[in-house]
Amino acid sequence: KCEEWVVLAAEHGCTTYVESLAQQYEAINDWDNATRWYLKLQELNPEMDLAAKIDELFTSKCQLLTSDELVLRGNKSYYGYECEQDYHTAYLYYKIATDKGNADGMFGLANCYFLGRGVELNEDEGNKLYELSANNNSADGIIRKLEELRKKSQDSDLELWKERLR
């Protein structure tokens, strides 16, 4: 009965109970509910900067996913497929996939940096990640490398990279 009262008070905007629920759910690794209540707390107290906390919870939740699932979710968020387009969420998915060594995650993360989507624009970091994705056999990364070499007319390197696609 007491728990129901706490939830009811939180739903009606009592910040003390909102924060308490967020912390309780975080303590038991219920990332979805913890995020829900931290977002509610952020809504009630705009002066509180909870973005880092919410990103931390998101990252914890994502550790349970495979790197391929992370890339798929990143692509959906990036392009707005089956969900609202959200570059920051896509960036987070790609970053975690990259941390797990996924070459396609590296390519997605490169796009985010190179175009400044979901993260501050950083073409140098984007180019490094494009190169890394190609070196780790991302088809998209290799195709981008081939296009780059074709533009530079580096035929010997072009043939080597074409071979990697076969």
Side-chain angles (χ1 to χ4, degrees), residues 1-133 135-141:
K1 206 73 165 151
C2 182
E3 186 177 310
E4 291 174 22
W5 184 83
V6 170
V7 172
L8 189 61
E11 286 173 346
H12 283 86
C14 181
T15 57
T16 302
Y17 292 111
V18 171
E19 186 169 14
S20 176
L21 283 173
Q23 292 169 347
Q24 287 176 31
Y25 282 117
E26 182 180 2
I28 61 169
N29 298 334
D30 184 339
W31 311 122
D32 289 332
N33 279 314
T35 301
R36 172 182 167 222
W37 290 110
Y38 277 117
L39 286 169
K40 175 83 172 175
L41 187 60
Q42 180 75 65
E43 179 185 313
L44 294 169
N45 291 314
E47 69 280 355
M48 291 180 78
D49 185 12
L50 294 172
K53 171 56 88 180
I54 293 166
D55 285 354
E56 177 188 321
L57 293 171
F58 182 86
T59 300
S60 296
K61 175 184 172 182
C62 287
Q63 295 305 323
L64 305 173
L65 301 173
T66 68
S67 64
D68 288 338
E69 290 171 320
L70 291 164
V71 171
L72 178 62
R73 289 180 183 206
N75 289 341
K76 287 180 176 184
S77 294
Y78 191 90
Y79 296 105
Y81 180 70
E82 297 179 348
C83 65
E84 187 174 326
Q85 187 175 43
D86 182 345
Y87 292 128
H88 182 69
T89 299
Y91 163 79
L92 292 173
Y93 279 126
Y94 292 143
K95 174 81 173 91
I96 298 164
T98 296
D99 291 345
K100 290 185 173 195
N102 187 292
D104 293 321
M106 295 169 195
F107 184 83
L109 190 59
N111 282 336
C112 291
Y113 277 110
F114 193 79
L115 300 171
R117 293 187 172 162
V119 67
E120 188 174 325
L121 177 80
N122 186 334
E123 290 182 3
D124 290 338
E125 185 65 19
N127 283 325
K128 286 179 196 172
L129 286 160
Y130 283 134
E131 185 74 24
L132 189 61
S133 72
N135 289 335
N136 281 280
N137 295 321
S138 164
D140 289 328

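Quick caveat: nothing in here was measured; it's all calculated off a predicted structure. Atoms considered below: every heavy atom in the structure, side chains included; atoms not considered: hydrogens, waters and symmetry mates.
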Using the side chain to side chain donor-acceptor pair (under 3.5 Å) rule, take Q24 and S20 through it: C-alpha gap first, then chi angles, then the decisive distance, then the call. CA-CA 6 Å; Q24 287 176 31; S20 176; 2.9 Å; yes
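Residues forming a side chain to side chain donor-acceptor pair (under 3.5 Å) with E26 (at least two apart in sequence, or on another chain): Y38, K53. For the side chain to side chain donor-acceptor pair (under 3.5 Å) test, no residue two or more places apart in sequence or in another chain qualifies with N127.
Closest approach of S67 and A97 over heavy atoms only: O-CB, 3.9 Å. Annotation for G74 and A90: closest pair O-CB, 3.4 Å, computed over non-hydrogen atoms. Across H88 and D55, no two heavy atoms sit closer than the pair NE2-OD2, 3.1 Å. T89 approaches S77 most closely through the heavy-atom pair CG2-OG, 3.6 Å. Nearest heavy atoms, Y25 versus A34: CB-N, 3.5 Å. Heavy atoms only, all atoms of each residue included: A103 and S133 are closest at O-CB, 3.4 Å.
In this structure, N45 contributes its side chain and M48 its backbone to no donor-acceptor pair below 3.5 Å.
Among Y87, Y94, Y130, Y91, the one residue that satisfies the side-chain hydrogen bond (donor to acceptor under 3.5 Å, both in side chains) test with N111 is Y130.
Taking OH of Y93 as the reference point, atom CG of N75 lies at 11.5 Å (rounded to 0.5 Å). With values rounded to the nearest 0.5 angstrom, L109 atom CG is found 5.0 Å from L129 atom CG. Distance check: L70 CG to I96 CD1 gives 6.0 Å after rounding to the nearest 0.5 Å. Rounding to the nearest 0.5 Å places OG1 of T35 at 9.0 Å from CZ of F58. For the atom pair OH of Y17 and CH2 of W37, the computed distance is 13.0 Å after rounding to the nearest 0.5 Å. For the atom pair Q42 CD and I54 CD1, the distance stands at 5.5 Å (nearest 0.5 Å).
Residue pairs meeting the salt bridge (charged side-chain N to carboxylate O under 4.0 Å, His left out) criterion with at least one member in residues 57-70, sequence neighbours excluded: D32-K61. Evaluation of the salt bridge (charged side-chain N to carboxylate O under 4.0 Å, His left out) test over residues 98-110, restricted to residues two or more places apart or in two chains, returns K95-D99. Sorted by first and then second residue, the salt bridge (charged side-chain N to carboxylate O under 4.0 Å, His left out) pairs involving residues 34-47 (not counting sequence neighbours) are E11-R36.
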Determine all donor-acceptor pairs shorter than 3.5 Å in which one atom belongs to a side chain in residues 115-124; sequence neighbours excluded.
residue: R117; atom: NH1; partner: Y78; partner atom: OH; Å: 3.2
residue: N122; atom: OD1; partner: D124; partner atom: N; Å: 3.3
residue: N122; atom: OD1; partner: E125; partner atom: N; Å: 2.9

